[in-house]
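A short write-up of the structure that comes next.
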Amino acid sequence: MADKKPIVTHVFTADPSAHVFNGKLYIYPSHDRETDIKDNDNGDQYDMNDYHVFSMEEVGGPVTDHGVVLKQEDIPWVQKQLWAPDAASKNGKYYLFFPARDKEGVFRVGVAVGDKPEGPFKPELEPIKGSFSIDPASFVDDDGAAYLYFGGIWGGQLQCWASGAYIKDDYSTMEAQEGNALTAKVAKLSDDMTSFVSEVKDVVLLDEAGEPIKAADHDRRFFEAAWLHKYNGKYYFSYSTGDTHFLCYAIGDNPFGPFTYAGRILEPVIGWTTHHSIAEFKGKWYLFYHDSSLSKGVNHLRCVKIREIVYDEQGKIKLAEDQPKV
Ligand code: FUB
């Protein structure tokens, strides 16, 4: 696979959520920073404390860094770890969704509101009621209905909510060991995008036989980094497999799923984590992802990159560079 250049090199960036607003491409990434915290399975080394927004007129063209648009010290409920964000627009407002640990150390999802895609964003004083775990990804359907996908196992604490209520654990068991895999979650958002108006539902991933993906199937089970996009009337749920380092996707007929496993989008990259988004811009589709090449392999110092993707006749996703040139 051809190497790609980071979109920016003056700061470390990760977990890119891409959206097109007013004809421009905006990227909402995590802002990685240096730390002395040693790597662990809990992800303590991902100790980020603010967000920047980036925009561009063309893929491959100059990138504007809009600077700090939200910072930890301005969010009253947050203790630490501003992880992977996403953004959405509705009714002329812009919303930045973000996960962070609250004062008790429990990951929740917050939302901050702005008047422009590039922020700044003013945080709500409390996290979204009923939210938990990490990696929020919003999806606004053609009918205006909006949904929030979220969840992540291991350090993302999804396993702590397996009973429906938070059970603090010692992280000795990071995920289900047998039976069906833990699932990502989805809830419908209110018209003002700041609360849930449905119950939190499971995002069920099925295998080719129509059976739920199993916990032992680490090549295909959901780990973190949910993303939802629509192509040709179908709903594509994509995600990271974490410890096997793949980006995979599954296809469904509505935003709540179920989704049937359809394949891999990206093989492992340099660095432990893998996290992405997919968006259409100026008639082409792109995969936004990160690796740790800019830091020469430091897991928590990552850089955002972009690759073009295409869909085959069956709606399967392929990297454009892997396709024969015609
Ligand atoms: O950036 C911190 C965490 O690493 C994200 O929330 C995960 O998706 C992984 O990329």
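Here the structure is a predicted model, which means the values were calculated and not measured. Index from 1, following the sequence. One-based numbering, in listed order, for ligands and for the atoms of each.
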*asked:* Starting from atom 9 (C) of ligand 1, what is the nearest protein heavy atom, named by residue and atom, and what distance separates them?
replied: Glu224 OE2, 3.3 Å

*Show which atoms of ligand 1 fall inside a sub-4.0 Å distance from at least one heavy-atom site of Asp135.*
5 (C), 6 (O), 7 (C), 8 (O)

*Please state whether the rings of His245 and Trp272 are parallel, tilted or perpendicular, taking 30° and 60° as the class boundaries.*
perpendicular

*Within the distance-only criterion (no hydrogens, no angle test), does the side chain of Thr35 pair as donor or acceptor with the backbone N or O of Gln45 below 3.5 angstrom?*
no

*Within a distance under 4.0 Å of any heavy atom of Ala84, pick out the atoms of ligand 1 and give their elements.*
6 (O)

*asked:* Salt bridge check, Arg221 against Asp207: does any charged N sit closer than 4.0 Å to a carboxylate O?
replied: no

*Test of proximity, Asp32 against ligand 1: N or O pairs below 3.5 Å*: no

*Carboxylate-amine/guanidinium contact Glu126 Arg108, below 4.0 Å*: no

*Met48 heavy atoms, cut-off 4.0 Å: which ligand 1 atoms fall inside?*
1 (O), 2 (C)

*Kindly say whether Asp44 contributes a backbone atom to a donor-acceptor pair with the side chain of Asn42 at under 3.5 angstrom?*
no

*Polar proximity ligand 1 side, His275 side, N/O cut 3.5 Å exclusive*: yes

*How does Arg302 reach ligand 1, by side chain, by backbone, by both or by neither, if only non-hydrogen atoms under 4.0 Å count?*
side chain

*With the 4.5 Å side-chain cut-off for hydrophobic clustering, are Leu189 and Val203 part of the same group?*
yes

*Which of these, Arg307, Arg302, Lys305, Lys4, sits in a salt bridge (charged side-chain N to carboxylate O under 4.0 Å, His left out) with Asp291?*
Lys305

*Options Asp15, Leu82, Ile134, ranked by nearest heavy atom to atom 1 (O) of ligand 1, top entry*: Asp15

*asked:* List ligand 1 atoms under 4.0 Å from His290, heavy atoms only on the residue side.
replied: 10 (O)

